[in-house]
Each structure stands twice: as C-alpha cells, then as structure tokens.
Asks: 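Before we start, here is the structure in question, set down as structure tokens.
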Amino acid sequence: MTAPESGYNFAYLDESTKRMIRRAILKGVAIPGHQVPFGSREMPLPYGWGTGGIQVTASILGPADVLKVIDQGADDTTNAVSIRAFFRRVAGVATTERTAEATVIQTRHRIPERPLTENQILVYQVPMPEPLFRLEARVAETRRMHALADYGLMHVRLYEDVARHGRIATSYNYPVMVNGRYLMSPSPIPAFDNPKMHRMPALQLFGAGREKRIYAVPPWTEVRSLDFDDHPFRPIRAPQSCALCGSQESYLDEVLTDDRGGRIFVCSDTDWCAERQAAREAAE
Amino acid sequence: MDTRFPGFADPVLDAQATFRAVLEAMSRPGRVQRIAPPPEAPPGLSPAAAAVLLTLVDAATPLRLTAGPEAEAWVRFHCGCPLLRDGAAFVLDPAARLLDLDPGTDEEPERGATLILEVASLQESPGWRLTGPGIRDAHDLRVEGAPAGFVAEWSASRARFPRGVDVILCAGARIAALPRSVAIEDG
C-alpha cells in the first residue's frame, strides 16, 4: 500500500458528497433497477471517462479494499490504468489485475468472465442510464413510464428489429427487466454478458456521472433480458476460439494483424486469458 | 446546543466502515452486520443507531428524533440536521408507524423515508422468514422487541412498491436492514 497523496480527503471526495452518494446508493439498492438522481461532482477527468463509476467507487472504498478496474475487459488500457492510479494516489488502496483478488471491481462495458462472489462489488460506468431515451427524449415522460411500468415502447422497438432483420439485432446495451419491475440499461456491456447479471452473488452498482443517476441490482436478483416467446434472447459470441488461450466460451475481440485482411480473435477479458495461458504453460 | 458526547473517533474511515456495513445489510436483508460505533453514544441511542446517524444524516436530511434532549443536542452538533416531525428523510421514533411515513411517489420512490428502529436483539435464526432481492433462497432473522403488528404493517407497506419505507434495525452494535422490496413471513 502506497502513502496517499496529501491535501486530499480519503478517496478524493469530501465527506458531505460521500454521504449524499451513499444515501443514493442505499435507495438504489432498496429499489432495484430504479434510477436515483444524485448531485454528480466535477472530477479530475471529463464526463464520459467514468466519472459516475469513480464517484460510486470513491464513496464505497475503504483502506482494506482491493481495487480492480477494467475497460472493455482489459486491465491495461488508458482508462483502467489511470483510474487505478487515481485511487492508489488519493486513497492508498491496493490494486490488482486479478479478478479473484479484488473486493471492488470498477468496469467499463464488460463483466469479468470469472464468476463473481458474495464478497465482491461490481461498479459499472454508465454513459446513458435511461434505457428509453432513444425512444422518448423527454425525461418527464420516461420517468412517468417507469412509474407506470409502461414499457410497451421497448417491446415495439425489439419487434421492429425482428420485422426488419428477422431477429433482435441488439448486440450491446441490451435492455433488461430487474426483479420483474424496472426496465434497466445494463450499460453498454455486450448482450453476451447479460446472463451473468441474473442472480449474481455480487452487488452491482451503476454510476452515470454526466446524467447524474445511480442505480443498483442487489445480489441474487432476477435480471431478465427482454425477448419474445418465439424470439428468445440469445447471447451473441464470435464462433472462433481465442488465438492466445484457446477459450471457446469467453467473449472475444477481433484484432486486425496486418493490412491484407489478417485477423485474430482474442479474449476481451485480459486477466481471464492470462490465467488460462499460465495454467496451460504450467501443465506443459 | 452543546454536547459532551463524541462523534466517530475517525470521522472519515469510521463513516466508511459503517456505510459498508449498512450497504451490506441493505443488499442482503436479514444478514446481521456489526458496526464500529462511536466511543460513547448519547443516552437514548444505541451505538449502532448513533453510528448510522453519523454516517448518513446531515444538513440535507431532516430527521425526526424522539430519543431525548441529550441525543437531540448530539445530532444537532455532529450531524447539523434539521429536526422536525413531518416529512423527515430519516426517522428514529419508536412511535412512528410505517404507513404514516413519507413513502415517496411512484415517479420518485427514492424520496421514501428511512426508518431507524431500535430493537432488543437481532439474530440470524428462525423468527421472520425473509425473501426478495438480495436473498438467494430465504434468510431467517429473529428480532426481539419489534413494534407490535410490525409484520402486518410491513406487508401493507410493501404492497405500495416502488413507494415505501426502508428500515434499518439496530440492536447494540449490530444492524440488519429491511429494504422495501423484501417480503417478511412471520414464524
């Protein structure tokens, strides 16, 4: 554990901001899937870089926590590296790239492949918390639709997908129903990850900094991807196996290797991939 | 407006530890959490209730409190919250009835009040059977000293979901929580 930067409160935010965010988180947990407004603060990085997730993480983090940050599954991309460095500096917490060692995992657009446990909290960075915003731009109207659980519009959108493409053509940010009551944006995770949210042992918290909303899914809560009886939800995955670890079940990124059409598929979850490669080397 | 009773020994880290206990309690209804209490709670407040107030209540959250003048002076000094009777965001009053507290609105259910309820003891053993979000199958919670008729009132309150009142149960230095989404069966 490194010494935290002096001149800042523990975990950067002041105590009254943390109390406000903590109250919002508790109400979010009590009303699964409901978006709770909060007074989002300016952070030392711009909106769109995970300020919502960072504020949630800053409000829950303690000195005993071990923090992991991923960006599209990877621990080593700019966003993940700088957020980890930020919390090392302002909170002095230990950080890790290993999913199993982390107590708090902040994520941008992926859920780790390794199943999470009851001792972990998953914090999502959310760009647009309102699942209905492309269908209804007026916030007053979407709020009313949530109050009445009136989600017909979203079913019509999925139906139009079926009519046009013969299947539901949404591959990420696929809308879910939480505890049978609230329509919720899972943040732009691939639809492949949606089933992992269902009855997850870990607590899931969502922070949208620019849109100033916090919401939550408590552990073991029902999370269903919207679908139709004759067009059931199907998580989409590239049919290849990972070029590095050979995984046939993980979510894959397509990587171009040259300018003549060469391409490989590799695991999006870098920790999962590295662990599998290490295990394979150890076995050889 | 003076009080001789202290707040947290370490206001930042003790509040964080207490919040995590409350978050864990709210996320897993019926699981009993132990909190790190302030060195000395004022008369009329359990160590757990005092810690919860220090952690969550401030000038932005009106509090309804009937725990005596010592406790009132203590929260005024340490939390700086307005004290009032109607429309409070946090309620610590054994006479408060679930159905009389502010449940929020269907559009803004997060405005529903949080009731802090002092009870005699909390145990993870058969008594109430809790089901709902946060619970894998069912959790047993034994509560001694809950108000008479609480379970029936809870069912009536829960029928208003998403409107409703969330409860934090405090006994000594232990807490458990009942988010409005949880179902309670007696026996």
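Residue numbering restarts at 1 for every chain, and letters A, B, ... go by the order of the sequence lines. Owing to the predicted nature of the structure, the values given are computational and were not obtained by experimental measurement. As a basis for the values below, the full set of heavy atoms in this structure was taken, side chains included, without hydrogen atoms, waters or symmetry mates.
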Asks: Under the side-chain contact (heavy atoms from CB on, under 4.5 Å) criterion, do Val12(B) and Glu15(A) qualify, and how do the steps go?
Replies: CA-CA 7 Å; Val12(B) 173; Glu15(A) 288 302 298; 3.5 Å; yes
Asks: Quick check on Ala17(B) against chain A: is it the side chain, the backbone, both or neither that has a heavy atom closer than 4.5 Å?
Replies: neither
Asks: So does Arg23(A) pair up with Glu110(B), basic N to acidic O under 4.0 Å?
Replies: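 Judged by the 4.0 Å cut-off on N to carboxylate O distance, Arg23(A) and Glu110(B) do not form a salt bridge.
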Asks: Quick check on Arg136(B) against chain A: is it the side chain, the backbone, both or neither that has a heavy atom closer than 4.5 Å?
Replies: both
Asks: Does CZ belonging to Arg97(B) count more than 12 external heavy atoms closer than 6.0 Å?
Replies: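 Enclosed: over 12 neighbouring heavy atoms sit under 6.0 Å from CZ of Arg97(B).
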Asks: What option among Thr105(B), Asp137(B), Asp106(B) has the most heavy-atom pairs under 4.5 Å with chain A?
Replies: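 The answer is Asp106(B).
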Asks: Show the nearest heavy-atom pair for residues Glu107(B) and Ala147(A), with the distance to one decimal.
Replies: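 Taking Glu107(B) first and Ala147(A) second, the nearest heavy atoms are CG-CB, 3.6 Å.
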Asks: Looking at Asp65(A) and Arg20(B), is there a salt bridge between them, counting it only when a charged N and a carboxylate O are closer than 4.0 Å?
Replies: yes
Asks: If I measure from the heavy atoms of chain B, does Arg144(A) come under 4.5 Å with its side chain, its backbone, both, or neither?
Replies: both
Asks: Nearest 0.5 Å please: distance from the CD atom of Glu118(A) over to the OG atom of Ser27(B).
Replies: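 If I round to the nearest 0.5 Å, the distance is 10.5 Å.
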Asks: With a sphere of 6.0 Å drawn around CZ of Arg41(A), does it hold more than 12 non-hydrogen atoms of other residues, nucleotides or ligands?
Replies: yes
Asks: Shorter than 4.5 Å, heavy atoms on both sides: which option in Val182(B), Leu178(B), Leu23(B) has the most such pairs with chain A?
Replies: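 Top option by heavy-atom pairs under 4.5 Å: Leu23(B).
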Asks: Taking all atoms of both residues into account, what is the closest heavy-atom pair of Ala30(A) and Phe161(B), and its distance?
Replies: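 Taking every non-hydrogen atom into account, O-CE1, 4.0 Å.
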Asks: Pick one of side chain, backbone, both or neither for Leu61(A), based on which atoms fall under 4.5 Å of a heavy atom in chain B.
Replies: backbone
Asks: In terms of heavy-atom proximity below 4.5 Å to chain A, should Ile135(B) be classed as side chain, backbone, both, or neither?
Replies: backbone
Asks: Please rank His34(A), Arg22(A), Met145(A) by heavy-atom pairs under 4.5 Å with chain B and give me the top one.
Replies: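 Of the candidates given, the most pairs with chain B belong to Arg22(A).
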Asks: Taking atom CZ as the centre, does Arg160(B) end up with more than 12 heavy-atom neighbours from other residues, nucleotides or ligands that are less than 6.0 angstrom away?
Replies: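 Yes, enclosed.
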Asks: Quick one: do Leu56(B) and Leu26(A) satisfy side-chain contact (heavy atoms from CB on, under 4.5 Å)? Show the steps, please.
Replies: CA-CA 10 Å; Leu56(B) 296 177; Leu26(A) 290 177; 3.6 Å; yes
Asks: Rounded to the nearest 0.5 Å, how far does OG of Ser181(B) lie from CD1 of Ile31(A)?
Replies: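 Rounded to the nearest 0.5 Å, the CD1-OG separation comes out at 9.0 Å.
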Asks: By a 4.5 Å heavy-atom criterion (distance strictly below it), what part of Val22(B) contacts chain A: side chain, backbone, both, or neither?
Replies: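 It is both, since atoms from each part get that close.
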Asks: Counting only heavy atoms not in Arg142(B) (residues, nucleotides, ligands), do more than 12 fall under 6.0 Å from its CZ?
Replies: no
Asks: What are the two closest non-hydrogen atoms of Asn179(A) and Pro133(B), and how far apart are they?
Replies: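 Taking every non-hydrogen atom into account, ND2-CG, 3.2 Å.
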Asks: Pick from Leu203(A), Val36(A), Ile60(A), Asn9(A): which one has the most heavy-atom pairs with chain B under 4.5 Å?
Replies: Ile60(A)
Asks: If I measure from the heavy atoms of chain A, does Ile168(B) come under 4.5 Å with its side chain, its backbone, both, or neither?
Replies: neither
Asks: Mark yes or no for whether Arg180(B), through its side chain, and Lys27(A), through its backbone, hold a donor-acceptor pair below 3.5 Å.
Replies: no
Asks: Examine whether an atom of Thr114(B) lies under 4.5 Å from a heavy atom of chain A, and if so say whether it belongs to the side chain, the backbone or both; otherwise answer neither.
Replies: both
Asks: In Å, rounded to the nearest 0.5 Å, how long is the span from CZ of Phe10(A) to CG of Asp10(B)?
Replies: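 Phe10(A) atom CZ to Asp10(B) atom CG measures 10.0 Å (nearest 0.5 Å).
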Asks: I need the Ile25(A) CD1 to Phe19(B) CZ distance, nearest 0.5 Å.
Replies: 4.5 Å
Asks: Roughly how far, to the nearest 0.5 Å, is the OG1 atom of Thr55(B) from the NZ atom of Lys18(A)?
Replies: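 Separation between the atoms: 11.5 Å.
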Asks: Under 4.5 Å from any heavy atom of chain A, what part of Pro29(B) do you find: side chain, backbone, both or neither?
Replies: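 When you check distances to chain A, no heavy atom of Pro29(B) falls under 4.5 Å.
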Asks: Show the nearest heavy-atom pair for residues Gln16(B) and Pro63(A), with the distance to one decimal.
Replies: OE1-CD, 4.1 Å
